[in-house]
Each structure stands twice: as C-alpha cells, then as structure tokens.
Amino acid sequence: MAGRIRFSGAMHVSFNLAADLEAALKAAAVQAGLAEAAAFTPEVRTAEPKHGDFQANGTLGFAKARKLNPRAVAEQLVAALPVSLRSDYEITIAGPGFINFTLKPAALLAWLRTFATAAQLRAGAAAAHAGQTWVVDYSSPNTAKQMHVGHLRSAVIGEAICRLLAFTGARVIRDNHLGDWGTQFGKLIYGYKRWADPAAIAADAIEELERLYKLGHNATPDGSPELEEARRELVALQNGDAENVALWKKISEVSLAAFQQIYDRLGIKFDHHLGESFYNDKVERVYRELKETTPPIAEISEGALVVFHPEHPRFKTQPFLVRKADGASNYASTDLATALYRAEHFKADGIVVVTDFRQGDHFEQLFLTVRKWFAAKSYRVPELHHVTFGAVTGEDGKALKTRSGDVIRLKALLDEAVDRAFAIVAEKNPDLPEAERREIARSVGIGAVQYADLAQNRSSNYVFSWDKMLALDGNTAPYLLYAVARIHSIFRKAGIAPTDAAGEALATAPETPTEIMLARRLTKFPDALRLAGETLRPHFLCLYLFELAGDYSSFNNADKVLVEDAVLRARRLLLCARTLLTLETGLHLLGLRTLTRM
RNA sequence: GCGAGCGUAGCACAAUGGAUAGUGUAGUGGCCUCCGAAGCCAUCGAUCCGGGUUCGACUCCCGGCGCUCGCACCA
C-alpha cells in the first residue's frame with residue numbers, strides 16, 4: 001500500500017500523504033547515515049495551514065536526546081529525500097527544527113485527479129481494517145419502554161462508528177443488545193395480566209406497556225405478597241411457562257416495531273437483535289469455565305460468584321458479580337456470554353460497546369475478566385473497546401431518568417427537529433413544492449440532531465436544551481448540507497452531472513488563494529478518516545467536514561465557477577466536484593442524508 | 001471513604017506532547033445590478049489554582065478546589 005510518493009513520472013499517487021512522508025523520512029534517516037537511524041520516528045502530522053500541509057516533529061526529540069542540532073538533522077534528512085518527493089512539496093525547516101511540507105499546485109491537482117469517486121476513496125481507506133470483523137453493540141434500549149433523549153447518543157454515535165469501520169475496510173456486524181430480560185418483567189407481567197387494555201395496546205403499545213409496568217411496580221412494594229406473585233411470574237417465564245413466554249414474545253415484538261420507527265428515521269438497520277434473553281441458556285458455560293481454570297478466575301463470596309482482579313488497585317477489592325447468590329444471572333453474566341458468542345460465532349476481531357460513561361467500571365471489569373478467561377482457555381482475544389459518552393442531563397444537572405416523569409421522548413425530539421427545519425425551509429424557499437419541503441425538513445432536522453451529538457468529543461455531561469440540540473446556525477448539519485446543495489446548484493446551472501469527468505481533462509492546477517486552500521483541505525480527508533477510525537471518535541470527521549465546508553464557502557464567495565474561460569471553469573468545477581464527493585461521502589459516514597436542494 | 005470522568009472567552013465547543021490556543025453563537029462594523037445571504041469578510045474576548053517532567057504542556061505526573069458519576073446481588 002505505502003510505497004514511495006510519486007506525483008510525476010511513475011504516476012502513482014498515494015491516498016494517505018502523511019503516511020508516505022512518514023515512510024520517506026524514515027528511509028531518509030538511514031540514507032543520510034544518521035546514527036541510530038532505526039530509532040528515528042518522523043512524527044508526521046497534518047499542520048496548521050499557515051505552516052504547510054504536513055509537518056514532521058520527530059527531529060526535535062531525536063536530536064535533543066543525542067545532543068545534536070535539530071536544524072542540522074533536519075537539513076540532512078531533507079537533503080536525503082528522493083527527488084520526486086522534493087519536486088512535489090515546498091520543503092522548509094522552521095523554528096527549532098520542524099520540517100514543513102507544502103504541496104505544490106501540480107501535486108494537488110494530481111491527487112484530486114486520482115481520487116475521483118467514492119469507490120476510489122474507499123479503496124484508499126480500506127487498508128486500516130481490511131479482512132477484520134467488528135461487532136458493534138449500540139442503542140440497546142430496554143423493551144417495553146419508550147426511547148428517550150438519553151438513548152439518542154448511543155444510537156447516533158454507534159451508527160457513525162459502524163459506517164466508519166465499514167468504510168475503512170471492516171466487515172461490520174450491527175448488534176442491538178436489547179434489555180429484554182430481567183426482574184422488571186415479573187412486575188410488567190403482573191400488571192399486564194390485571195389491567196391490560198387491548199384498545200390502548202392497539203393504539204400505542206409501548207405507551208400502554210409503560211403504564212402497566214408502573215401499575216405493576218406500584219402494586220408490588222418491597223416485602224409484599226404482591227411482589228412475591230410478581231416474582232413467581234418471572235420464574236414462570238424463565239421456566240418456559242407457555243402463557244408468560246407468549247406474552248413476553250409479544251412485548252418484544254411490539255417494542256421492536258416501535259424502535260424500528262425511530263431507527264428508520266436515523267438511518268439505522270441492525271443485523272441482529274441479540275438481547276439479554278438470547279444469552280439466558282449460555283451463562284452456565286461461563287460459570288463453569290470461570291471456575292475450572294487453574295487458578296480459578298471466579299470464586300464464591302457471600303454466596304455469589306465473583307471475580308476479583310488482584311493486580312488492579314480497585315478491583316482487587318471491588319468484586320465483579322458474575323452470578324447472584326440466589327443463582328440467577330445478571331448483567332455481568334449475560335455480557336460475558338455475549339463476549340464469548342461474538343468471539344466464537346462472529347469470529348470478531350474487534351468488539352465495540354457504545355454506552356454512557358457511568359458503565360465504565362462494569363466494562364473495565366468485564367474486559368479484564370474476558371481477557372483472563374479467553375487466555376486461560378486459549379480462545380483468541382478480540383480488541384475490546386468501551387466507547388463512552390457523557391450523560392444528557394436535565395436542568396438540575398442530574399442525569400435524565402426514565403422514571404422522572406418528564407422525559408423527552410426521542411420521537412417528540414425528532415418531530416420537533418423536523419418541524420423547526422420545516423419552518424425555516426418554508427421561509428427561505430417558499431417556491432419549492434410542499435412534498436420536497438417536507439423531505440428537506442426531514443433531512444435537515446434529523447441531521448441537525450445527529451450532528452449535534454457527533455460533533456463533540458467531550459465525555460462530560462451536557463444539559464439538554466431544545467435550542468442547543470436543534471440549532472440550525474453555525475457549526476451544524478444545515479451548514480454542511482447547504483454547502484452540498486449549493487454545489488449541486490452550480491452543476492445544475494452548468495448543465496452537467498457532478499460525476500461527469502469528461503470536462504475535467506481541461507482542468508489546470510489551482511491558482512487563487514481560495515482554490516489552493518480548498519484543494520489542500522481536500523487532501524486531508526484520509527487523515528480525518530484515519531483519526532476518527534483509530535480513536536473511534538467521529539467528531540474528528542465532523543471537524544474536518546466543517547472546515548472543508550468553510551473553505552468551500554470562502555472559495556465560492558471569492559471565485560466564480562461558471563466563467564467563460566473554459567480552462568478556468570474546468571479547474572473550478574473539478575474543485576466543486578471533489579468537494580461535493582468528500583462532503584457527501586463524509587456526511588453519509590456520519591449517518592446523515594444529503595440533499596441536492598434545500 | 002475509595003475511585004473514575006470533566007473543568008478552555010458571556011454561552012456552547014475544538015486542539016492525535018508542537019510553532020502566535022482554533023471555531024460557533026451572542027456583540028460591533030462591512031458585503032446581495034455578481035453561480036443560493038441557511039452565506040462571506042473584519043473585529044472583540046479564554047486554558048480552575050499550585051508545583052513537577054520536557055527543547056516544548058490545554059494535553060503527561062503530583063497536590064488542591066469545583067461539578068457529575070460509580071463502588072455486592074439493578075441494567
């Protein structure tokens with residue numbers, strides 16, 4: 001994949017230019033005969049535009065550690081770089097010893113010509129996870145309950161991660177790990193059998209199930225005979241009682257149907273819905289295997305089966321409760337069984353679980369346990385990642401809770417987003433047909449909600465506010481979608497398709513400051529993909545796309561595209577086409593739908 | 001009590017140990033006989049406190065302060 005960079009002559013243009021520079025500088029260190037050249041890491045990074053396209057920082061540390069002059073080392077390295085590379089970049093040594101690389105216009109043009117389609121971008125990016133299988137566990141709501149704003153982040157972030165992994169070469173398995181088993185079903189069945197209203201179920205099943213759960217919960221206080229009855233319902237369910245199993249299945253079905261309506265709006269389609277119930281008969285093997293290793297990984301403590309991690313400062317005393325004292329399974333039991341299933345059945349190379357940060361301890365203990373267990377049994381250990389995010393909180397700064405009574409439902413949030421977007425479309429573009437305005441409002445409104453969640457990295461909590469989540473100005477989805485729509489508009493006016501490459505042959509290298517700025521930004525897409533994919537943090541891609549849209553807007557404002565001069569026009573149309581390609585590809589990776597008009 | 005995450009302009013965020021800490025929004029001042037003003041240009045304004053490591057610290061380490069959360073049978 002890597003290989004030497006060649007914009008001229010050999011006609012090979014690499015996708016990830018930073019990676020090529022890294023390799024070239026490493027080779028140059030050997031070529032230049034530097035002492036301990038093998039220990040030299042160039043540390044090539046994308047640079048601030050004012051400094052160039054890429055910068056190598058590695059000479060500073062390398063030189064200092066060996067009491068050499070960093071600038072002199074940098075000079076030697078640059079002199080040892082291949083001629084082809086030196087003809088593609090302006091190379092300067094700056095400050096204490098940074099090596100700055102700025103792509104020359106001809107090299108920019110060569111890169112833009114080479115990566116002209118989504119398939120070509122994908123082929124370039126696919127090396128990162130080629131041949132790997134990744135299971136992504138996200139959304140994972142509890143059945144019989146409404147999805148509320150607290151469920152949004154896992155769904156949106158999880159889907160973006162799936163798409164990023166798939167684009168960078170992985171086979172991705174989307175698994176919705178439903179909370180469809182456990183003590184709450186005893187109370188729900190108790191309530192259902194007494195107070196279920198068939199008409200209400202037909203109208204809005206989840207609404208009715210929530211009402212029945214609350215009734216069941218209130219009717220079964222701690223220590224009451226009613227609670228004992230609810231427990232018997234649960235035991236009956238777990239022992240395969242026909243009536244309760246049928247009821248449970250119905251609850252799962254209507255819940256899933258309701259969830260799917262939300263998923264459809266967010267562009268999410270799961271491959272599997274293997275909830276906790278699926279692992280009910282798979283926990284015995286977990287208990288057995290954790291006990292039969294030498295030394296045993298799990299032990300009995302206070303009647304429960306627990307795992308301690310003596311090497312860990314906290315988990316040497318804080319137990320991981322794997323089986324309850326009454327013999328019942330819990331969250332840890334099913335999660336252990338889940339990890340094994342994913343490793344064995346899906347042959348996962350990587351497992352990603354997307355939940356809020358409050359479950360951090362649980363997953364840290366889970367992963368520690370899985371690694372020991374798999375190692376002891378000689379199972380292959382997949383990469384294990386807990387992707388965390390901060391909780392969405394209410395005005396009081398406390399986490400939003402389902403029982404608080406004033407939850408904001410996901411459906412209502414999405415409806416509100418679409419309504420707000422519709423009001424703006426109607427105002428800005430009253431001439432569009434009603435149906436198209438509705439369609440635009442759907443993409444803009446839902447996209448704004450998705451983007452608001454994806455654009456920030458912070459795992460700190462944020463206070464829920466309609467205005468913040470539904471903002472349509474500034475660094476938001478509408479800004480990016482607007483740039484896309486304007487580019488489509490130009491191609492409509494020009495009477496050619498953005499993918500029509502025929503006219504591109506005339507295009508020359510970028511010349512004006514805004515053309516060059518835009519072209520340089522386009523070549524950074526590989527690095528944004530790499531960064532977002534490696535760290536499982538989609539906000540790096542958001543940041544890149546926002547900057548790209550900004551550069552495009554400046555270009556669009558400064559340089560007219562549809563001019564008489566055929567060469568100039570071709571040059572600018574090429575930039576428009578590649579910007580469109582990159583923005584659309586990137587936005588689709590985030591799970592957004594793009595528009596040709598808005 | 002033990003532990004984890006977070007603390008950056010009025011507000012909301014960014015910065016993969018690098019150069020003069022970037023953006024949005026709010027404020028101020030400009031730009032539509034010119035491919036879409038949901039836009040562009042300019043300007044104002046910030047790293048919680050104290051040490052340390054480093055050529056270089058918002059970032060890493062130590063000690064405080066503040067907020068949120070987790071710590072035995074919920075998920």
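Heavy-atom basis, side chains included; hydrogens, waters and symmetry copies ignored.
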Find which nucleotide of RNA chain B each of A:A332 and A:G550 is nearest to by heavy atoms, and output the residue with the more 5' nucleotide.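 The residue whose closest nucleotide sits nearer the 5' end is A:G550.
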
Go nucleotide by nucleotide along RNA chain B from the 5' end; which of A:N330 and A:R492 gets its closest nucleotide reached first?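 Per heavy-atom nearest nucleotide, the more 5' residue is A:R492.
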
Could you check which nucleotide pairs with [N] in any of the strands shown, counting Watson-Crick or G-U wobble with both distances under 3.5 Å?
N     : value
B:A42 : B:U28
B:C69 : B:G3
B:C13 : B:G22
B:G50 : B:C62
B:G36 : none

Rounded off to whole Å, could you give me the [atom1]-to-[atom2] distance for the [X] and [N] pair?
X      : N     : atom1 : atom2 : value
A:D551 : B:G39 : CG    : P     : 16 Å
A:N556 : B:C34 : CG    : C1'   : 11 Å
A:H217 : B:C74 : NE2   : P     : 13 Å
A:I424 : B:G36 : CD1   : C1'   : 16 Å
A:N557 : B:G39 : CG    : P     : 12 Å
A:R486 : B:C32 : CZ    : P     : 15 Å
A:F555 : B:C35 : CZ    : C1'   : 10 Å
A:D559 : B:G36 : CG    : C1'   : 17 Å

So what does [X] touch, heavy atoms closer than 4.0 Å: a base, only the sugar-phosphate, or nothing?
X      : answer
A:S489 : base
A:V306 : base
A:D431 : nothing
A:N429 : base
A:T317 : nothing
A:K493 : sugar-phosphate
A:A485 : base

Side-chain N or O of [X] less than 4.0 angstrom from OP1 or OP2 on [N]?
X      : N     : answer
A:R358 : B:C71 : no
A:Y482 : B:A38 : yes
A:K67  : B:C55 : no
A:S554 : B:C41 : yes
A:Y479 : B:G36 : no

Give a yes or no on whether the ring-centroid distance for [X] and [Y] is below 6.0 angstrom.
X      : Y      : value
A:F389 : A:H539 : no
A:H385 : A:F367 : no
A:Y552 : A:F555 : yes
A:F320 : A:F315 : no

Proximity to the side chain of [X] - top-ranked nucleotide from [options]:
X      : options             : result
A:A304 : B:C73, B:C35, B:A38 : B:C73
A:Y331 : B:C35, B:A75, B:A38 : B:A75
A:F308 : B:A72, B:G39, B:A4  : B:A72
A:F357 : B:G36, B:C69, B:A75 : B:C69

Do A:D527 and A:R45 sit within salt-bridge range, that is, some charged N less than 4.0 Å from a carboxylate O? no

Within a strict 4.5 Å, meaning less than it, do heavy atoms of the [X] and [Y] side chains meet?
X      : Y      : value
A:L518 : A:T579 : yes
A:R520 : A:T102 : yes
A:E584 : A:H488 : yes
A:C542 : A:L590 : yes

What's the gap between [N] and [M] when it is taken at their [atom1] atoms, as a whole Å value?
N     : M     : atom1 : answer
B:A14 : B:C74 : P     : 37 Å
B:G63 : B:U59 : P     : 16 Å
B:G52 : B:C71 : P     : 38 Å
B:C58 : B:A21 : C1'   : 8 Å
B:G66 : B:C60 : C1'   : 22 Å
B:A46 : B:U8  : C1'   : 6 Å
B:U54 : B:G22 : P     : 27 Å
B:A37 : B:C32 : C1'   : 7 Å

With no angle test and no hydrogens, is the base of B:A72 tied to the side chain of A:S301 by a donor-acceptor pair under 3.5 Å?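 Pair found.
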
Can I get a per-line list of side-chain donor-acceptor pairs under 3.5 Å for residues 465-475 of chain A, giving both atom names and the distance, sequence neighbours left out?
unit_1 : atom_1 : unit_2 : atom_2 : d
A:S465 : OG     : A:K468 : N      : 3.0
A:D467 : OD1    : A:R420 : NH1    : 2.9
A:K468 : NZ     : A:V463 : O      : 2.9
A:N475 : OD1    : A:Y451 : OH     : 2.8

With syn defined as a glycosidic angle within 90° of 0 and anti as the rest, where does B:C32 land?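 It is syn.
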
Once base and sugar-phosphate atoms are separated, protein heavy atoms under 4.0 Å mark nucleotides 11-24 of chain B, 5' to 3', with B, S and - as --SSSB-BB---SS

Distance-only, no hydrogens or angles: does the A:Q365 side chain make a donor-acceptor pair with backbone N or O of A:P319 under 3.5 Å? yes

